[in-house]
Asks: 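Please find one structure pasted underneath; my questions will follow.
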Amino acid sequence: MARKVEASIIFPLMLLLLYSGGAQCTEQPEKTWCVAKPSSNDATLSANLNYSCSQVDCSILQRDCAYPNTLISHASIAMNLYYQAVGRNYWNCYFSNSGLITTTDPSFDHCSYA
């Protein structure tokens, strides 16, 4: 009988700890970035760049940074700005199957991605 009482008390206490934040995981989620797939065509990259910059501030593209001056680089930066701003969910990097989520920081030289 003691085991039943002990189990009936411990389980609700564990649930209480879990939902009250007392048993939170201390590990930080892995940082992710959204970049354009290398196989994307120019029309898709342009559409992604235009859409992303219509939703978020893309002024970073006009700063004096050493980002490669290519359409895929600019589209990747814009797509990542959008992805970071609206939530790092896989669907926010889909871009009609032209986005790719990476755990490798795509920052270039002294200019970092958001």
Asks: Determine the minimum heavy-atom distance between Ala75 and Leu45, stating which atoms define it.
Replies: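 Shortest heavy-atom separation between Ala75 and Leu45 comes out as CB-O, 3.7 Å.
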Asks: Identify which one of Asn48, Thr44, Asn41 satisfies the side-chain hydrogen bond (donor to acceptor under 3.5 Å, both in side chains) criterion when paired with Ser98.
Replies: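 That would be Asn48; it is the only one of Asn48, Thr44, Asn41 passing the side-chain hydrogen bond (donor to acceptor under 3.5 Å, both in side chains) with Ser98.
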Asks: Asn92 side chain to Arg88 main-chain N or O, any donor-acceptor pair under 3.5 Å?
Replies: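 Not at all, since once roles are kept as given, no pair shorter than 3.5 Å links the two residues.
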Asks: Indicate yes or no for a side-chain donor-acceptor contact from Ser73 to the backbone of Pro68 under 3.5 Å, with no hydrogens or angles considered.
Replies: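 Yes, because the side chain of Ser73 sits within donor-acceptor range (under 3.5 Å) of the backbone of Pro68.
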Asks: From Asp105 CG over to Lys31 NZ, what is the distance, rounded to the nearest 0.5 angstrom?
Replies: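 So the CG of Asp105 and the NZ of Lys31 are separated by 8.0 Å.
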Asks: Can you give me the closest heavy-atom contact between Ala78 and Leu49, atom names plus distance?
Replies: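 Where Ala78 meets Leu49 most closely, the heavy atoms are CB-CD1, 3.5 Å.
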Asks: According to ring pair (Phe, Tyr, Trp, His ring centres under 6.0 Å), does anything in residues 72-91 pair up with another residue at least two apart or in another chain? List the pairs.
Replies: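 Non-adjacent pairs meeting ring pair (Phe, Tyr, Trp, His ring centres under 6.0 Å): Tyr51-Tyr82, Tyr82-Phe95.
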Asks: Is any side-chain heavy atom of Leu81 closer than 4.5 Å to a side-chain heavy atom of Cys58?
Replies: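 Yes. Closest side-chain heavy atoms under 4.5 Å.
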Asks: Work out which heavy atom in Cys93 is nearest to a heavy atom in Val35; give both atom names and the distance.
Replies: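 Heavy atoms only, the tightest pair is SG-N, 4.3 Å.
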Asks: Roughly how far, to the nearest 0.5 Å, is the CG atom of Asn80 from the CH2 atom of Trp33?
Replies: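 Trp33 atom CH2 to Asn80 atom CG measures 8.5 Å (nearest 0.5 Å).
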Asks: First locate atom CG of Leu100, then atom OG1 of Thr32, and finally report the distance between them rounded to the nearest 0.5 Å.
Replies: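 OG1 of Thr32 is found 11.0 Å from CG of Leu100.
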Asks: What heavy-atom pair brings Ile72 and Lys37 nearest, and what distance separates the two atoms?
Replies: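 Answer, listing the atom of Ile72 first, then Lys37: CD1-O, 3.7 Å.
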Asks: OG of Ser107 to CD1 of Ile77: how many Å apart, nearest 0.5 Å?
Replies: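 If we round to the nearest 0.5 Å, Ser107:OG and Ile77:CD1 are 9.0 Å apart.
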Asks: From the options Ser40, Cys53, Cys34, select the one residue that forms a side-chain contact (heavy atoms from CB on, under 4.5 Å) with Met79.
Replies: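 In the set Ser40, Cys53, Cys34, the residue that makes a side-chain contact (heavy atoms from CB on, under 4.5 Å) with Met79 is Cys34.
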